[in-house]
Student: 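Just dropping this structure here.
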Amino acid sequence: LNTGFRHEIFFDMARAAFVSGDLETAQGYVSRSLERDSAWAGPYALRAEILKEQGDLAAARENYLKALDYAYDDPDLQAEIEQALADLSK
């Protein structure tokens, strides 16, 4: 058991579905992940990516901002999210 591993199964399943292009399934798994643990950046950032792919840029922005709230202790992740937010404006 890797006790340092932060992810949970629904988040990992959402990432797999997203990578395979199944955005609807990915969205469902992200929602389940957030039901289990909503206090970390990963699911919000992934949901933002899904929404961006679906063309819902306003909702993507909201989720990136929420992810940024939880990335306060990770400067690298903050930079990635800030770049993603900037890319939404292009």
Side-chain angles (χ1 to χ4, degrees):
L1 181 64
N2 183 355
T3 58
F5 197 63
R6 178 71 166 112
H7 303 160
E8 55 83 39
I9 190 67
F10 293 115
F11 177 75
D12 291 333
M13 292 170 70
R15 289 190 321 174
F18 178 73
V19 169
S20 71
D22 188 349
L23 302 180
E24 185 175 325
T25 297
Q27 186 71 276
Y29 283 132
V30 166
S31 293
R32 291 186 71 185
S33 176
L34 287 167
E35 287 171 10
R36 294 183 76 180
D37 183 0
S38 64
W40 60 299
Y44 294 105
L46 181 56
R47 179 181 275 168
E49 289 294 313
I50 294 165
L51 291 163
K52 182 176 78 172
E53 288 295 316
Q54 292 174 329
D56 190 346
L57 301 183
R61 179 177 169 72
E62 288 177 28
N63 279 270
Y64 279 133
L65 291 172
K66 188 72 169 177
L68 198 54
D69 288 343
Y70 289 109
Y72 60 88
D73 61 347
D74 187 338
D76 293 333
L77 182 56
Q78 285 177 345
E80 287 179 38
I81 295 167
E82 288 169 354
Q83 183 60 56
L85 279 164
D87 291 344
L88 281 179
S89 301
K90 294 180 182 178

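Every value quoted in this text rests on a predicted model; they were computed, and no experiment measured them.
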Student: Distance from E82 atom CD to L65 atom CG, nearest 0.5 Å?
Tutor: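 Going from CD on E82 over to CG on L65, the span is 10.0 Å.
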
Student: At what distance, to the nearest 0.5 angstrom, does CG of D56 lie from CZ of R61?
Tutor: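 The distance works out to 13.0 Å.
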
Student: Can L51 be reached from L88 by stepping across I, L, V, M, F, W or Y side chains whose heavy atoms are under 4.5 Å apart?
Tutor: no

Student: Excluding sequence neighbours, so at least two apart, what forms salt bridge (Lys or Arg N to Asp or Glu O under 4.0 Å) with D87?
Tutor: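 Scan of D87 (salt bridge (Lys or Arg N to Asp or Glu O under 4.0 Å), adjacent residues dropped) gives K90.
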
Student: Kindly compute the distance separating CG (D69) from CD (Q78), expressed to the nearest 0.5 Å.
Tutor: 10.5 Å

Student: Any carboxylate oxygen within less than 4.0 angstrom of a Lys/Arg side-chain nitrogen, looking at E35 and R32?
Tutor: no

Student: Hey, could you give me each pair passing ring pair (Phe, Tyr, Trp, His ring centres under 6.0 Å) that has a residue in residues 50-75? Not counting sequence neighbours.
Tutor: Y44-Y70

Student: Mind listing the closest non-hydrogen atom pair of P43 and S33 along with its distance?
Tutor: CG-OG, 3.7 Å

Student: Applying the 4.5 Å side-chain criterion to the ILVMFWY set and letting contacts propagate, would L23 and F11 be lumped into a single cluster?
Tutor: yes

Student: So which heavy atom on A41 is nearest to which on A67, and how close?
Tutor: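 Nearest pair, atom of A41 first, then A67: CB-O, 3.3 Å.
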
Student: Check for a donor-acceptor pair, side chain of E80 on one end and backbone N or O of Q83 on the other, with a separation under 3.5 Å.
Tutor: no

Student: Between V30 and A14, which heavy-atom pair has the shortest distance, and what is it?
Tutor: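 In terms of heavy atoms, the two residues are closest at CG2-CB, 3.5 Å.
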
Student: How many angstroms lie between atom CZ of R15 and atom CG of D12, to the nearest 0.5 angstrom?
Tutor: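 Result: 5.0 Å between the selected atoms.
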
Student: Would you check if the side chain of N63 reaches a backbone N or O of A59 as a donor-acceptor pair within less than 3.5 Å?
Tutor: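 Looks like yes, one N/O pair under 3.5 Å.
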
Student: Find the distance between CG (D76) and CD1 (I81) and round it off to the nearest 0.5 Å.
Tutor: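 Output value for this atom pair is 11.0 Å.
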
Student: Answer with yes or no whether the hydrophobic clustering places L46 together with L77; edges join I, L, V, M, F, W, Y residues whose side-chain heavy atoms lie under 4.5 Å apart.
Tutor: no

Student: Indicate the atoms forming the closest heavy-atom contact of A17 with S20, along with that distance.
Tutor: O-OG, 2.9 Å

Student: Roughly how far, to the nearest 0.5 Å, is CD1 of I50 from CZ of R47?
Tutor: 8.0 Å

